Amino acid sequence: MKLSKNEIADFNKSCNQDYKHENDFLRSKFTKKGIDIDAIIKKVADFQVAIPSWALGAGGTRFGRFSYGGEPATLEQKLNDVGLIHALTKSAGTVSLHIPWDIPEDINAIKEIAANHGIVFDAMNSNTFQDQPNAEETYKYGSLNSTDKRAREYAVEHNKEVIRIGKALGSKSLTVWLADGASFPGQLNFQTALKNTEDSLQQIYAAMPEDWKLFIEYKPYEPNFYSTTIQDWGTSFMLANACGERAYTLVDLGHHLPNTNIEQIVATLMHKGKLGGFHFNDSKYGDDDLTVGSIKPYALFLIFNELVYGMENNPQNPYPAWMIDASHNIKDPLEDLIQSLEAILMAYAKALLVDQKALKTAQLENDVVKCQEILQDAYNTDVRSILKAAREQAGGAVDPLKAYRAFQVRQQLIDERGLEVQATGL
Ligand code: LRH
Ligand code: MN
C-alpha cells in the first residue's frame with residue numbers, strides 16, 4: 001500500500017485552512033521579538049526523526065500481547081510502513097534497524113525499496129541481550145561485560161557483523177545498548193564488569209569505519225534489577241571518552257530514575273561535545289516506552305530548549321541523531337508513531353520560539369520570575385499551525401492522523417496482510 005503525493009494534496013484541500021491565518025498572527029507576534037516564524041517552519045520541515053524498525057507491530061509485556069492486524073511480517077513491509085508514515089508526515093525519512101530482528105536478505109533490494117520511499121538508514125542497533133537459536137555462546141550472564149571471554153568475543157563479533165550490514169546499507173552509526181548487569185548483590189564484580197565492557201567497546205570502536213559514530217546507550221535497570229553495568233549518563237560518558245572522539249552518549253528518555261533532570265544531562269553532554277542522540281518516548285514510572293509527549297510534554301520542551309541552545313552555542317557537539325524508541329501495547333503502531341512525531345516537532349517548534357536573548361539577560365539579572373515567563377510564553381504558544389505549514393510545504397498531510405484514518409490505512413493493511421501476522425521486535 002502506498003499514498004501518492006496527489007492523494008495527500010487533495011486531502012489537504014479538504015482540510016481546514018485556518019492554520020495559515022494562525023501563522024500570520026504568530027508572525028505579527030514574534031517578528032517584533034526578532035523571531036522568524038518562516039525560518040522555524042523551514043527548520044521543522046527539515047527535522048527528520050528515525051523510526052525504530054522494532055516498533056511497527058504491537059508490543060507487549062510479560063503479562064501479554066494484543067496483536068493489531070495488518071502488522072509487517074518482513075523488512076520490506078516494515079519499510080513500506082515507514083514509507084506511509086513519511087508520506088503523511090514528511091518527518092520520518094530515516095529508519096533504525098535492529099539486528100538480528102531485521103537482517104536484510106537482499107541488501108540491494110532493501111536499499112531500492114527504501115529509496116523508493118525516500119528513506120535512508122540511520123543508526124544500526126546490535127542485540128546482545130537475547131540468545132539467538134543455535135547461538136554458540138550465551139548472554140545469560142552478560143555480553144561485553146561477561147566473565148566468560150568467549151561470550152565477550154562472540155558479542156564483539158556480533159557488533160562487527162552489524163557494522164558490516166550497516167555499511168552495505170549506507171548507515172553511519174551503531175547504537176550499543178547492553179542489558180548486562182546483575183539481579184542480586186554479590187553476583188558481579190562491578191570493576192571487572194566495567195573493565196571488560198570498556199575493552200570490548202574499544203574493540204567495536206576500532207572496527208568501525210572512519211566516518212562512523214558509536215552511540216553508547218545507558219539504562220538504570222531492566223532486565224537486570226540490581227545493577228546495570230552502563231547504568232547512567234556518567235558511565236556512558238566515561239566509556240565514550242575511553243573509546244575515542246567518534247563515540248558518544250545516547251539518551252533514551254525512558255532510561256532515567258523518576259524526577260531525573262534530563263535537560264541538565266543534555267546540556268552537560270552538549271557542553272562536553274558528547275551528546276550523540278536520542279531515543280524519544282515517554283514514561284510515568286519505568287522504561288514504559290509510551291507515546292512521546294503523552295505524559296511529560298513540558299519536560300520534553302525543556303529538553304528541546306537545551307538542544308536549541310546547544311545547537312546554537314556548542315559547535316563542539318555534532319548534530320544529534322533523532323530516533324524514536326517506543327512500544328505499542330494498545331495503540332495502532334502507526335498512529336502512535338505519528339503522534340510521537342507530532343509531539344517531538346511541537347517541542348522543537350516551541351523551543352525555537354524561546355526569546356534566548358531576553359532569557360540570557362533575565363538570567364544575568366537573576367530575574368527568576370522573568371526567566372520562567374519567557375520560557376512559558378513559548379511553551380504556552382500553540383504551534384500546531386507551524387507544523388501544518390511545514391508538512392504542507394514538504395508535500396505531506398496537513399493533518400497526518402486524520403489522513404491516516406481517512407485513507408483507512410489500517411484496514412487496507414489488514415486486507416493485504418491479514419489479522420494474525422506478528423512483526424519482529426519488542
Ligand atoms: C532498551 C532499548 C534499546 C533497544 C531496545 C529495543 O530498553 O531502549 O534502545 O535496543 O530498547
Ligand atoms: Mn532505547
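Fair warning: this is a prediction, and the values are worked out from it, not measured in the lab. Whatever order the structure lists them in is the order used to number ligands and atoms, beginning at 1.
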inquiry  = Against ligand 1, does Asn125 come closer than 4.0 Å with any heavy atom?
reply    = no

request  = Indicate whether any N or O donor in one side chain lies under 3.5 Å from an N or O acceptor in the other, for Thr61 and Asn329.
outcome  = no

key: Among Asn314, Thr249, Leu307, side chain to side chain contact (heavy atoms under 4.5 Å, CB included) partner for Leu275   = Leu307

ask   = Any salt bridge between Arg391 and Glu342, counting N to O under 4.0 Å?
value = yes

query = Counting each atom of ligand 1 from 1 as listed, which ones have a heavy atom of Asp287 under 4.0 Å away?
reply = 7 (O)

ask   = Going by an N to O cut-off under 4.0 Å, is there a salt bridge joining Lys149 and Glu153?
value = yes

query = Of the backbone and side-chain N, O or S atoms of His255, does one lie nearer to the Mn ion (ligand 2) than 2.8 Å?
reply = no

query = Which N, O or S atom name in Asp252 marks its closest approach to the Mn ion (ligand 2)?
reply = OD2

ask   = Are the side chain of Asp282 and the backbone of Leu290 linked by a donor-acceptor contact shorter than 3.5 Å?
value = no

query = Under 6.0 Å from the CZ atom of Arg164, do we count more than 12 heavy atoms belonging to anything else shown?
reply = yes

For the Mn ion (ligand 2): the N/O/S atom of His279 at shortest distance = ND1

ask   = Does Glu222 reach ligand 1, in the sense of a heavy atom lying below 4.0 Å from it?
value = no

remark   = Restricting Asp325 to its N/O/S atoms, the closest one to the Mn ion (ligand 2) is OD2

